[in-house]
Amino acid sequence: MKSLTTKLKLLRPVLTSLCSYSSTDQTLLLNEFTRFCYQRDLPKALRAMDTLQSHGLWADSATYSELIKCCMSHRAVHEGNLVRRHLYFNGRQPMLFLANVLINMYVKFNLLTDAHNVFDEMPLRNVVSWTTMISAYSRSKQQQKALELLVSMLREGVRPNVYTYSSVLRSCKEMSDVRMLHCGIIKEGLESDVFVRSALIDVFAKLGEPEDALSVFDEMVTGDAIVWNSIIGGFAQNSKNDEALKLFKRMKIAGFTAEQATLTSVLRACTGLTLLELGMQAHVHIVKYDQDLILNNALVDMYCKCGSLEDARRVFNGMKERDVITWSTMISGLAQNGYSQEALKVFESMKASGTKPNYITIVGVLFACSHAGLLEDGWYYFRSMKKLYGIVPVREHYGCMIDLLGKAGKLEDAVKLLNEMECEPDAVTWRTLLGACRVQGNMVLAEYAAKKVIELDPDDAGTYTVLSNIYANSQKWDSVEEIRTRMRDRGIKKEPGCSWIEVNKKIHAFIIGDESHPLIVEVKEKLKQLIDRMIGIGYVPETNFVLQDLEGEQMEDSLRHHSEKLALAFGLMTLPLGKVIRIRKNLRICGDCHVFFKLASKLENRSVVIRDPIRYHHFEDGKCSCGDYW
DNA sequence: TTAGGGTTAG
């Protein structure tokens, strides 16, 4: 009964128009409308649509679909709304597929509420309707909403397909959700789909499970370049840089060409390993994409992190388009390399260019201030960030300020700020304070901070060592023993110092106490000669460094063979004169090595760059870019 | 006759 009433209601305008219009006129009107739609003449099509509506006429769905696509390509929101109103005029319901097109239009306009309204009004929804909505929420980072929709979809008995799975997988933040979806995918027999595989690889990699990503990848019979990019990117994102580069070689052997995305990940892997030579080789292949923003951002980062600032500046200056990432990368890169004033100048240029800073940019700016001890600037940027840019300070910003205050000798202010933090301080925050205490020699506060670090990160080997040294320095042997027992109980071993150096595109590793390098005997001999020559000009090996817990002669011997010194000796033996020696290491450089490298740079007339986990030291002519402040 | 995948910065 109800459906008959609806039909009559729908037919009324048609019947009315039939009385006043001949069928030839109607055909003409409809033909004209269709023509305008297919010609993508939006103004004429809309006028024709109005005429149709006033005569109670409707065209076929394919024509409306064309019209909506035309609105989409012109980003014509208002016109899109007019079409929607026309389609629902007088209680009509567009066909299911047309409603799907409408949903898609609102999604593309980024009007999710409108999209959802159309979706809600649909008497019937198919897998496309659901997937369009799920994918829209997934893209707009409303992950929870996307997963909820998937559950509702399943409850309504609509079966997800490859489109649904590849969209919803991107929403997963928890491995348990991914595993559940993976089961569904296998059950439905959709695992072989290249899009589903690609999504699985990505999500496994993003959630820190690159091995799972690799097993999905390896099970694939045929793949495409994008899947290769996914897997290489996945490893690079998880700091598995060696593996990423090995996969890149496999990709080339398999006959695929490296494109922007591949090269970006390869650069990231080179960045992680400080492989400047290989990175530069990749740069050569990038020339044809020389204005690719993302690739250039990766290049700037690579050159900064490899300590090659001139190249970084060259790429940065040659970029026609820069985004917030470009600027932030350059600012942080300069700051890490000790060029704080230049970093702040770049920040000023960034503001002048009209690019709005984000919270990461401000971290870079505060980082610059903290590395150069620019107390007033630091306070200014910290205090004004909320007012000027609407950026609420988070842990990283507080961390920079605590570092800045602490190392400038204002430990009390640092503690005060730490207590005032709007967010809970974490192990990194306390470790920052601990570092400042070390510089200032405040052992009482250091003990407190170290205890806090261990409370929050009970597996942090370095902090146990610091704490144990603090106790040893004040002769608290019981406490020393207690710390050692705790470390033993938890199975914590001190991370051995390790340094890497690239020679002829090959990485050489030197690990403290490890004799496996084929030239270790020669390297040690070279180092011994160097030290002897340095002692001759007044070098006194430092034996009082707090991070060491050895004593006397044994300690001196250990310092003598700190991994970066071995890497330097190897570099001097193998790299041609005039070539910058670049070393990456896993622990922060100690005071003795810092003095040693300054002297060595003068004595050997060499530039040496050391990258530690936090920052870079450029040694040249007896000086370091950090100005002995690190 | 509608919906889907990869890359960047602290």
Side-chain angles (χ1 to χ4, degrees), chain A residues 60-66 68-69 72 94-105 107-108 115 125-136 138-139 160-170 190 193-203 205-206 213 223-234 236-237 258-268 271 289 292-302 304-305 322-333 335-336 357-368 394-397 399-400 428 614-615:
Chain A
D60 62 300
S61 296
T63 306
Y64 288 119
S65 174
E66 279 303 312
I68 294 168
K69 278 188 210 153
M72 279 161 70
M95 276 176 69
L96 185 139
F97 104 83
L98 200 49
N100 285 345
V101 177
L102 262 182
I103 297 179
N104 187 37
M105 176 188 80
V107 169
K108 294 279 148 62
R125 294 176 280 234
N126 68 0
V127 61
V128 176
S129 337
W130 285 99
T131 305
T132 312
M133 287 311 302
I134 288 173
S135 141
S138 190
R139 277 172 179 278
N161 62 15
V162 287
Y163 293 81
T164 327
Y165 279 119
S166 56
S167 302
V168 81
L169 276 169
R170 296 163 67 200
L190 304 174
D193 180 82
V194 71
F195 292 98
V196 173
R197 274 193 197 271
S198 175
L200 273 171
I201 290 167
D202 281 335
V203 74
K206 291 219 166 74
D224 60 8
I226 293 174
V227 186
W228 277 102
N229 292 340
S230 291
I231 191 73
I232 294 170
Q237 281 160 38
E259 289 170 4
Q260 285 106 313
T262 333
L263 292 166
T264 308
S265 295
V266 167
L267 279 178
R268 185 173 171 148
T271 308
Y289 306 115
D292 184 282
L293 179 66
I294 296 173
L295 206 35
N296 275 326
N297 285 348
L299 262 180
V300 171
D301 191 43
M302 189 273 291
C304 283
K305 291 225 170 79
R322 295 181 192 134
D323 66 358
V324 62
I325 297 176
T326 323
W327 292 100
S328 306
T329 308
M330 198 64 214
I331 292 168
S332 302
Q336 285 173 324
N358 66 12
Y359 88 98
I360 295 168
T361 323
I362 306 297
V363 171
V365 169
L366 295 177
F367 205 61
V394 292
R395 278 196 201 99
E396 290 98 319
H397 302 112
C400 289
V428 179
I614 308 284
R615 63 169 299 161

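Order of the sequence lines sets the chain letters (A, B, ...), proteins ahead of strands, with each chain counted from 1.
Counting distance only, with no hydrogens placed and no angle test, the side-chain atoms of A:Asp193 and the base atoms of B:dG5 include no donor-acceptor pair under 3.5 Å. Evaluation of atom-type donor-acceptor distances gives no pair under 3.5 Å for the side chain of A:Asn104 against the base of B:dG4. Contact annotation: side chain of A:Asp323 to base of B:dA9, donor-acceptor pair absent below 3.5 Å.
Using a 4.0 Å heavy-atom distance criterion, A:Asp292 is classed as making no nucleic acid contact. No engagement by A:Glu66 is indicated, since no non-hydrogen atom pair under 4.0 Å with the nucleic acid exists. Backbone-only contact: A:Ser230 has heavy atoms under 4.0 Å from sugar-phosphate atoms and none from a base. Residue contacts shown for A:Thr329 are limited to sugar-phosphate atoms, with no base heavy atom under 4.0 Å away. Within 4.0 Å of A:Val324, counting heavy atoms only, lies no atom of the nucleic acid at all. Looking at heavy-atom distances under 4.0 Å, A:Arg197 makes no contact with the nucleic acid at all. A:Asn358 comes within 4.0 angstrom of a nucleotide base, judged by non-hydrogen atoms across all strands. A:Val227 comes within contact range of at least one nucleobase, with a heavy-atom separation under 4.0 Å. At a threshold of 4.0 angstrom between heavy atoms, the contacts of A:Ala99 with the nucleic acid are absent. Within the nucleic acid shown, A:Lys206 comes within 4.0 Å of sugar-phosphate atoms alone, with no base atom in reach, counting heavy atoms only.
Computed from coordinates, the A:Tyr163 OH to B:dG4 P distance equals 9 Å when rounded to whole Å. Straight-line distance from the CD atom of A:Glu259 to the C1' atom of B:dT8: 17 Å, rounded to whole Å. Atom-to-atom, CD1 of A:Ile226 to P of B:dG4 comes out at 14 Å; the value is rounded to the nearest Å. Taking atom CG on A:Asn161 and atom C1' on B:dG5, their separation rounds to 14 Å, with Å as the unit. A:Asn296 places its CG atom 14 Å from the P atom of B:dA9, with the value rounded to the nearest Å. Atom-to-atom, CG of A:Leu295 to P of B:dA9 comes out at 12 Å; the value is rounded to the nearest Å. The separation between A:Met105 atom CE and B:dA3 atom P is 13 Å, rounded to whole Å. Between the CE atom of A:Met133 and the C1' atom of B:dG4 there is a distance of 15 Å, given to the nearest Å.
No side-chain donor-acceptor contact under 3.5 Å links A:Ser332 to the backbone of A:Thr329. One N or O on the side chain of A:Ser230 and one on the backbone of A:Ile226 form a donor-acceptor pair closer than 3.5 Å.
Among B:dT2, B:dG5, B:dT8, the nucleotide with an atom closest to any side-chain atom of A:Asn126 is B:dT2. Minimum atom distance to the side chain of A:Asn297 is reached by B:dT8, of the listed B:dT8, B:dA3, B:dA9. The side chain of A:Ser198 has B:dG5 as its nearest neighbour among B:dG5, B:dT1, B:dT7. Considering only the side chain of A:Arg170, B:dG5 comes nearest among B:dG5, B:dT7, B:dA9. Ranking B:dT8, B:dA3, B:dG5 by closeness to the A:Asp224 side chain, first place goes to B:dG5.
Put simply, the side chain of A:Ser328 reaches to within 4.5 Å of the side chain of A:Asn358, judged on heavy atoms. Side-chain contact check for A:Ser65 versus A:Leu98: some heavy-atom pair is nearer than 4.5 Å. Side-chain contact between A:Thr132 and A:Val128: present, with at least one pair of heavy atoms (C-beta onward) separated by less than 4.5 Å.
Between A:Gln237 and the phosphate of B:dT8, there is a side-chain N or O to OP1/OP2 separation shorter than 4.0 Å.
Residue side chain A:Phe97 meets the stacking definition with respect to B:dT1: its ring centre sits within less than 5.5 angstrom of the base's six-membered ring centre, and the planes differ by less than 30 degrees. Ring-to-base geometry does not place A:Phe195 in a stacked arrangement with B:dG4 (centre distance under 5.5 Å, plane angle under 30° required).
By the side chain to side chain contact (heavy atoms under 4.5 Å, CB included) test, A:Glu259 is found to be paired with A:Thr262, A:Tyr289, residues two or more places apart in sequence or in another chain being considered. Here A:Asp301 pairs with A:Lys305 under the salt bridge (Lys or Arg N to Asp or Glu O under 4.0 Å) rule; sequence neighbours left out.
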